[in-house]
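One structure is given below, encoded as structure tokens.
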Amino acid sequence: MRVLSAWGLALLLSLPAWQSGSAATGDETPAAPARIAAKAREHNARTLPPVGFVRFCGQHLGECTPTPGPAEIVMSAERWRLVYRLNSFVNARIQPESDQTLYGEAEYWAYPTVAGDCEDYALLKQRYLERLGFPRSALLIAVVLDEVNEGHAVLMLRTREGDFVLDNRHNRIPTTAEAGYTFLKRQSQSDPREWVSMTPPGKVLARMTD
């Protein structure tokens with residue numbers, strides 16, 4: 001799958017789900033959240049970025065350049081529709097596969113074309129949403145521990161309504177509180193190359209597993 005232009009992606013997302021090939025059912029045109037969600041807790045301390053992300057930035061300098069933007073965005077009904085459809089589109093188009101299988105390495109961050117693991121999905125969604133007009137400052141890759149205490153990566157969307165999660169494991173867009181994860185760290189809003197802690201000191205994550 002080649003990377004779509006912003007125009008091409010917007011056109012695709014405007015099509016009914018059966019035409020775009022989305023795997024989602026029943027959530028193709030969701031309404032905006034009816035309540036204000038809690039913001040994900042942060043400890044405002046810098047922390048080390050994932051090793052795979054550091055190498056990714058070395059290979060994609062333009063994708064890791066600080067870009068001024070709002071701390072949170074106002075979500076219209078149209079924006080919510082694009083977010084839901086984009087999440088479903090990427091989840092349907094990219095097949096889940098480990099870095100070890102794809103690249104022969106435990107952790108390797110890259111834009112996926114056919115297959116990838118959790119951080120690859122997050123990178124692609126971040127790129128597409130930015131090309132659709134969403135500010136990079138509100139599109140933050142986050143590292144979490146899942147329900148079985150394994151490493152995972154998601155894309156966090158920061159809005160006036162709260163913080164929401166775009167996940168490769170499902171098409172719904174839960175709040176950070178509803179996602180069922182322990183959030184460890186995320187990209188800084190002021191500089192995507194920097195990461196901030198979201199958990200008290202002492203909790204360590206070795207690597208992502210999917």
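No hydrogens, no waters, no symmetry mates; every other heavy atom, side chains included, goes into these values. The first residue in the sequence is number 1, and the count goes up from there.
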With a 4.5 Å heavy-atom cut-off, do I173 and Y84 have their side chains touching? yes
Straight-line distance of D99 CG to C118 SG, nearest 0.5 Å: 8.0 Å
Distance, nearest 0.5 Å, that separates CG of L184 from OG1 of T182: 7.0 Å
With side chains defined as the heavy atoms from C-beta onward, is the minimum distance between P50 and V143 less than 4.5 Å? yes
Taking all heavy atoms of D191 and all of C64, pick out the closest pair and write down the distance. OD1-O, 4.2 Å
Under 4.5 Å between side-chain heavy atoms, chaining through other members, with only Ile, Leu, Val, Met, Phe, Trp and Tyr counted: pull out the rest of the cluster around V54, sorted by chain and number. none
Who pairs with N87 by side chain to side chain donor-acceptor pair (under 3.5 Å), at least two apart in sequence or on another chain? K125
Would you mind reporting whether M75 and V83 have side-chain heavy atoms less than 4.5 Å apart? yes
Which atom names give the shortest non-hydrogen contact between C57 and R193, and what distance separates them? SG-CG, 4.4 Å
What's the spacing between L157 CG and R79 CZ if we round to 0.5 Å? 9.0 Å
Main-chain N/O of R158 paired with D163 side-chain donor or acceptor, under 3.5 Å: no
Please verify the inter-ring angle class for F53 with W195; under 30° counts as parallel, over 60° as perpendicular, anything in between as tilted. perpendicular
Could you verify whether a donor N or O on one side chain and an acceptor N or O on the other, from N91 and N168, lie under 3.5 Å apart? no
Distance from W80 atom CH2 to L82 atom CG, nearest 0.5 Å? 12.0 Å
Pairing residues for E105 by the salt bridge (charged side-chain N to carboxylate O under 4.0 Å, His left out) criterion, not counting sequence neighbours: R55
Give the intermediate values and the outcome of side-chain hydrogen bond (donor to acceptor under 3.5 Å, both in side chains) for residues S76 and E78. CA-CA 5 Å; S76 64; E78 175 66 14; over 6 Å; no
With a 4.0 Å cut-off on N to O distance, would you call E72 and R160 a salt bridge? yes
Hey, what do you get for OH (Y181) to CG (L145), rounding to the nearest 0.5 Å? 11.0 Å
May I ask you to say whether R172 pairs ionically with D167, meaning some side-chain N is under 4.0 Å from a carboxylate O? no
Residues that T67 engages under side chain to side chain donor-acceptor pair (under 3.5 Å), provided they are two or more places apart: none
Fellow cluster residues of L61, listed by chain then number, with links counted only when side-chain atoms sit under 4.5 Å apart: none
Check side chain to side chain donor-acceptor pair (under 3.5 Å) between Q100 and all other residues, then give those that pass, not counting sequence neighbours. none
Reported CD-to-CE distance for the pair Q187 and M156, which is rounded to 0.5 angstrom: 10.5 Å
Quick one: side chain to side chain donor-acceptor pair (under 3.5 Å) partners of Q95, sequence neighbours excluded? none
Decide side-chain contact (heavy atoms from CB on, under 4.5 Å) for I141 and W109; before the verdict, give the C-alpha distance in whole Å, the side-chain angles of both, and the deciding distance to 0.1 Å. CA-CA 12 Å; I141 298 176; W109 292 43; 4.0 Å; yes
Given 3.5 Å as the limit, does a donor-acceptor pair link the side chain of Y128 with the main chain of L86, or not? no
Flag side-chain contact, heavy atom, 4.5 Å: T176 against F164: no
For a side-chain contact (heavy atoms from CB on, under 4.5 Å) check, start with the C-alpha distance between V154 and R169, then their side-chain angles and the critical distance, and finish with the verdict. CA-CA 10 Å; V154 296; R169 295 178 175 178; over 6 Å; no
Scanning both residues in full, the closest heavy-atom pair of P192 with P66 reads CD-CA, 3.7 Å
Tell me every residue that passes side-chain contact (heavy atoms from CB on, under 4.5 Å) with P135, counting only those two or more places apart in sequence or in another chain. P70, I73, S137, A138
Just jot down the salt bridge (charged side-chain N to carboxylate O under 4.0 Å, His left out) partners of R136, sequence neighbours excluded, or say none. E63, E130
Using the test side-chain contact (heavy atoms from CB on, under 4.5 Å), find all partners of L102 that sit at least two apart in sequence or belong to another chain. E97, A115
Excluding sequence neighbours, so at least two apart, what forms ring-ring contact (aromatic ring centres under 6.0 Å, His included) with Y108? Y103
Of all heavy-atom pairs linking Y121 and G116, the shortest is CE1-O, 3.5 Å
Once ring-ring contact (aromatic ring centres under 6.0 Å, His included) is applied, do any residues pair with H60, and if so which ones, sequence neighbours excluded? F56, Y111
Applying side chain to side chain contact (heavy atoms under 4.5 Å, CB included) between L155 and each of L139, V165, L140, L123, report the one that passes. L139
